[in-house]
J.: 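Sharing a structure, written as structure tokens. Questions coming.
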Amino acid sequence: MDLPALSRPENLLWLLLLPVLFWLSRPQPPRQVALTPHLALWLRARARLGRRAIRFRWRRFLLLALAFGTTVLALSGPTHGGREGPRALAIVLDASTSMGAGAPDSPWSRARALIEERLHDLPAHVVAQIALCGAEVRVLTGSTEELIAQLDVAPAGAGAVDLDDLVASLASSASRVAVWTITDGLGPTAPPRAGALTVLGAAAANAGFTAVHVADAWPLPELAIDAELHNFADAPREVRIAAEGGVAAAPPIAVTIPAGGTERVTLVLRRTTGGRLRVSFEGAADALAADDAVEIDLAPPPPADIAVLADSDAGPWIQRAALALARTTGGHVVPGGGKGRVGFLMVEGGILPDLGAGARSLTFGTRQSTHDLTEADMVLQPRVVDWDRTDPLTRDLDLSELWVAASLRADFLGAAHGKPLLFGEHGPLLVAEETPAGYSVHASFRLSDSNLALLPAFPQLVRRTFARAFGAAAGPRLSPANLLDPRESRLQRLAPPAAYVDRPLPEFGAPGTSLAVPLLVLALAAVALRVYA
Amino acid sequence: VTDCFPPAFRECLWQILRRAPRVRGGHDRRGAGRQKVLARSGTFAGHREYEPGDDLRYVDWNAYARTGDLFLKVLEEDDRRTLTICLDRTASMATGEPERYRGARRLAAILGGLALVQLDGLTLVSGPARADTFAGARSVERLLTLLNALPVADDPPLELVRAPVERGWPGSVMLISDFAQPEAVAPALHLLRRNGRRCAGWLPSLRSDREPLLDGRVRLRDPETGAEEVLDVDADLREAMRAELALLARQQEAVFAAVGYPLLRFPLPEEGDFRLTSWFTGPWTYRL
């Protein structure tokens with residue numbers, strides 16, 4: 001005859017309270033003793049009331065002990081007739097990118113089908129959980145339908161989770177848990193040595209991007225992409241690399257990658273609209289598509305219109321500088337003074353009391369106040385003392401040959417709050433005014449009153465001002481998820497072949513019939529019988 | 001040993017003894033009538049010296065005239081008026097608050113003292129093999145000494161009254177007991193009745209004889225048998241016990257009524273209460 005199994009045997013420790021129960025069951029000793037010749041009368045009076053003598057009653061105590069013992073036994077979870085075996089299923093699912101190789105009949109889709117089938121066949125008392133091992137471990141819980149619904153994700157990550165450690169810890173933390181690992185065993189993912197195992201898929205030839213570098217000349221349209229491709233196959237492969245999206249159309253580049261070798265390719269592109277740029281390659285017999293393309297977010301080109309404002313005393317240099325800037329940025333020059341907002345404004349001379357918030361501009365000798373100009377407001381032949389050699393705008397520029405015939409002393413745009421970049425004996429000759437919404441550079445002298453436009457530093461100054469005006473946040477962003485770990489791209493099995501042999505799930509245990517209710521009924525009966533004992 | 005008769009009680013006792021001759025009803029009328037007859041026709045047996053408290057009517061004045069000393073005439077033994085006190089010394093007497101046995105001995109002292117003052121002699125039966133005889137008021141002190149030294153003993157009532165009957169001691173028999181078991185007293189009373197003896201039962205009664213005073217969980221012990229029992233005394237049990245005590249009182253009355261003897265219940269004063277009014281409430285208190 002099989003003894004009942006206890007699911008919580010630690011509760012049997014409550015039986016140690018039986019001596020206390022015995023002590024509490026003893027009648028309370030009387031506090032007073034009285035001598036009386038009428039003891040017989042007292043006993044008759046008690047008998048007349050139908051009362052019983054006060055003394056320890058073994059039968060009542062034994063019934064109480066029986067009730068207590070059966071209750072403790074009921075609390076210990078007694079079952080009878082069950083079958084030993086796991087009561088829970090932990091599915092460790094390899095969700096690394098390589099599981100998606102060979103779509104649509106990828107190991108990932110087959111794993112999903114296997115899990116769905118297995119979950120539907122599980123006994124009702126078995127609880128299932130899925131540990132999704134991609135870039136990190138994510139535990140999925142819920143009903144069978146909820147678990148299957150949560151598997152509607154694409155495998156991603158480089159198999160960084162050590163399945164062997166994870167399975168070992170799961171198996172050791174709960175002995176009644178069956179661990180089932182589903183993996184392709186490719187790349188860095190090695191099959192665990194414990195638990196049930198199902199290995200899907202097989203080794204395959206693959207090539208992929210292993211490194212990408214983007215050189216963006218924004219706000220200029222030039223763009224250079226250096227891509228590194230690796231061939232993980234045993235034979236050379238010929239691929240064609242193409243780029244599309246946000247750039248001017250460029251012909252694909254054909255490259256032959258040697259067996260097990262790496263090839264570096266540089267794509268020179270020209271930005272048109274910016275946005276998502278996809279660089280991909282095509283070739284024969286490539287098992288994994290996830291490493292065949294990279295996506296780059298390109299900043300859109302700056303506003304194309306460059307406006308010029310110049311008074312009648314201005315020379316030709318401001319117009320020429322605007323045309324040169326439009327050529328390099330892909331924009332065009334528009335007449336200034338319109339009502340609409342322009343991308344960049346170049347001004348020489350004149351009076352502009354308010355440039356407007358967020359203006360991006362480059363001005364030369366433009367006054368801010370409207371009163372009549374006096375002699376004191378001017379500085380004739382100001383001497384150039386030095387310039388800021390640390391500011392990104394003037395760093396590495398040679399302004400030593402700058403000569404200025406006349407400049408405004410203080411009444412020019414940005415004189416009050418701008419950061420001095422070029423210093424004269426009387427004060428700043430060039431200032432930069434930066435606000436949260438815009439960036440402008442203001443000179444206290446006209447181009448026509450100086451030789452600045454003739455200096456080699458002038459084009460640099462204009463382009464830097466233009467680029468600085470649109471900020472640095474427009475740099476390209478490479479989506480890191482698209483650049484796969486090279487180890488994951490290598491679709492090879494590295495462990496000995498014996499490690500990839502499937503192991504079946506053990507038979508699940510079955511819960512026995514609970515004896516708690518009968519035991520509690522027995523306890524109640526014992527308590528009831530104490531009334532008559 | 002605690003002194004059963006402290007000076008206060010002795011003072012009270014002597015006050016009772018001094019009052020007793022003047023108390024109407026203090027004398028047995030039949031005894032008084034027989035005394036006169038015996039005094040005229042009794043056989044002169046001799047003289048004894050007068051002792052304080054002796055009845056002056058028995059003084060031989062002729063002898064006083066001749067000698068100048070007081071002498072009392074002594075009659076023949078069979079004509080003497082005597083009293084026999086049978087004191088129950090069973091362990092059941094040594095219970096209660098105040099202790100019934102102590103009160104019984106004080107009652108015996110009063111009854112015995114009255115007998116020594118008013119009658120010719122006293123016999124104190126305190127056991128089957130123990131009987132002490134006293135005569136004269138001077139013997140009161142000896143009586144007190146004897147009573148004070150009497151321990152508790154287990155003698156059935158029948159054995160106490162057997163000696164007065166078999167030995168033919170004259171006079172009345174005073175049986176002092178708690179009569180806790182009336183059926184055990186009945187044979188003794190029937191023995192006295194068959195032998196034509198006058199008898200009266202004295203029961204030094206306590207408040208607990210009428211009203212159970214216990215409460216809560218109590219261990220009760222019978223001092224005679226040593227039996228014990230634990231009881232939870234509450235109002236219901238006290239009520240039932242009150243009925244049992246009333247039934248016992250009726251049984252005691254019935255046992256004495258069956259033989260025509262009176263049962264006198266003497267309410268014992270509280271311990272330390274030696275006032276005269278507590279021990280002597282009137283001429284009818286002690287009937288010899």
Side-chain angles (χ1 to χ4, degrees), chain A residues 14-71 522-533, chain B residues 88 90-97 99-101 104 152 177-184 203-206 208-249 251-252:
Chain A
W14 289 104
L15 289 176
L16 295 176
L17 290 178
L18 268 176
V20 178
L21 211 60
F22 172 77
W23 186 75
L24 291 176
S25 297
R26 296 183 312 151
Q28 185 184 5
R31 294 183 179 178
Q32 52 178 330
V33 178
L35 294 174
T36 177
H38 303 140
L39 178 60
L41 302 187
W42 280 104
L43 297 182
R44 271 213 305 269
R46 186 180 66 182
R48 180 185 296 179
L49 293 178
R51 295 182 181 176
R52 307 175 63 182
I54 299 172
R55 52 179 53 94
F56 182 76
R57 300 181 185 282
W58 276 102
R59 278 189 296 179
R60 284 176 61 84
F61 171 72
L62 289 177
L63 285 171
L64 180 64
L66 176 64
F68 180 72
T70 50
T71 303
L522 181 60
L524 285 175
V527 171
L529 281 176
R530 288 186 80 238
V531 177
Y532 306 101
Chain B
D88 180 7
T90 54
S92 67
M93 290 285 286
T95 62
E97 186 63 35
E99 189 188 270
R100 196 193 305 271
Y101 183 54
V152 174
S177 173
D178 57 358
F179 305 114
Q181 294 177 323
E183 66 278 6
L203 196 159
S205 67
L206 304 174
S208 58
D209 292 340
R210 305 180 298 278
E211 184 73 23
L213 303 175
L214 300 175
D215 191 21
R217 177 158 292 190
V218 186
R219 183 185 301 279
L220 291 175
R221 180 179 299 154
D222 188 334
E224 285 193 26
T225 63
E228 288 186 350
E229 191 66 36
V230 177
L231 291 174
D232 282 330
V233 181
D234 55 5
D236 291 340
L237 188 58
R238 278 198 298 272
E239 186 60 34
M241 184 59 187
R242 194 176 292 115
E244 290 293 332
L245 289 174
L247 178 62
L248 173 65
Q251 289 175 348
Q252 291 167 340

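All values derive from a computational prediction rather than experimental measurement. We name chains A, B, ... by the order of the sequence lines, and we start the count at 1 in each one.
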J.: Please classify the contact between I54(A) and chain B as side chain, backbone, both or neither, with a heavy-atom cut-off of under 4.5 Å.
T.: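 Both backbone and side chain of I54(A) come within 4.5 Å of chain B.
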
J.: Quick one: closest heavy-atom pair of A227(B) and L39(A), and the distance?
T.: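 Distance-wise, the nearest heavy atoms are O-CD2, 3.5 Å.
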
J.: If I measure from the heavy atoms of chain A, does D236(B) come under 4.5 Å with its side chain, its backbone, both, or neither?
T.: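 Both the backbone and the side chain of D236(B) come within 4.5 Å of chain A.
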
J.: Of the listed residues (M93(B), R100(B), R221(B)), which shares the most heavy-atom pairs with chain A below a 4.5 Å separation?
T.: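 If we count pairs closer than 4.5 Å to chain A, R221(B) comes out on top.
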
J.: Would you say that H38(A) contacts L220(B) through its side chain, given a criterion of any heavy-atom pair below 4.5 Å between the two side chains?
T.: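 In short, these two side chains do not touch, never coming nearer than 4.5 Å.
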
J.: Evaluate the side-chain proximity of P27(A) to R217(B): yes if any heavy-atom separation is below 4.5 Å, no if none is.
T.: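 They are in contact (side-chain heavy atoms under 4.5 Å apart), so the answer is yes.
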
J.: Do you know which of R48(A), R55(A), R31(A) has the most heavy-atom pairs with chain B at a distance under 4.5 angstrom?
T.: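 Going by pairs under 4.5 Å, I would pick R48(A).
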
J.: Are R46(A) and L237(B) close enough that some pair of their side-chain heavy atoms sits under 4.5 Å apart?
T.: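 Touching, per the 4.5 Å side-chain cut-off.
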
J.: Can you list the steps and then say if L41(A) with M241(B) is a side-chain contact (heavy atoms from CB on, under 4.5 Å)?
T.: CA-CA 7 Å; L41(A) 302 187; M241(B) 184 59 187; 3.5 Å; yes

J.: Measure distances from A91(B) to the heavy atoms of chain A and classify the residue's part below 4.5 Å as side chain, backbone, both or neither.
T.: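 Neither part.
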
J.: How many angstroms lie between atom CG of D232(B) and atom CG of L49(A), to the nearest 0.5 angstrom?
T.: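 Those atoms lie 12.0 Å apart.
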
J.: Please check if the number of heavy atoms outside R59(A) that lie under 6.0 Å from its CZ is greater than 12.
T.: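 Count not over threshold, so no.
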
J.: Quick one: are V233(B) and Q32(A) in side-chain contact, heavy atoms under 4.5 Å?
T.: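 A side-chain contact under 4.5 Å is absent here.
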
J.: Does atom CZ of F56(A) have more than 12 heavy-atom neighbours from other groups under 6.0 Å away?
T.: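 More than 12 within 6.0 Å, yes.
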
J.: What pair of heavy atoms forms the shortest contact from P223(B) to L35(A), and how long is it?
T.: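 Scanning both residues completely, I find the closest heavy atoms to be CB-CD2, 4.5 Å.
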
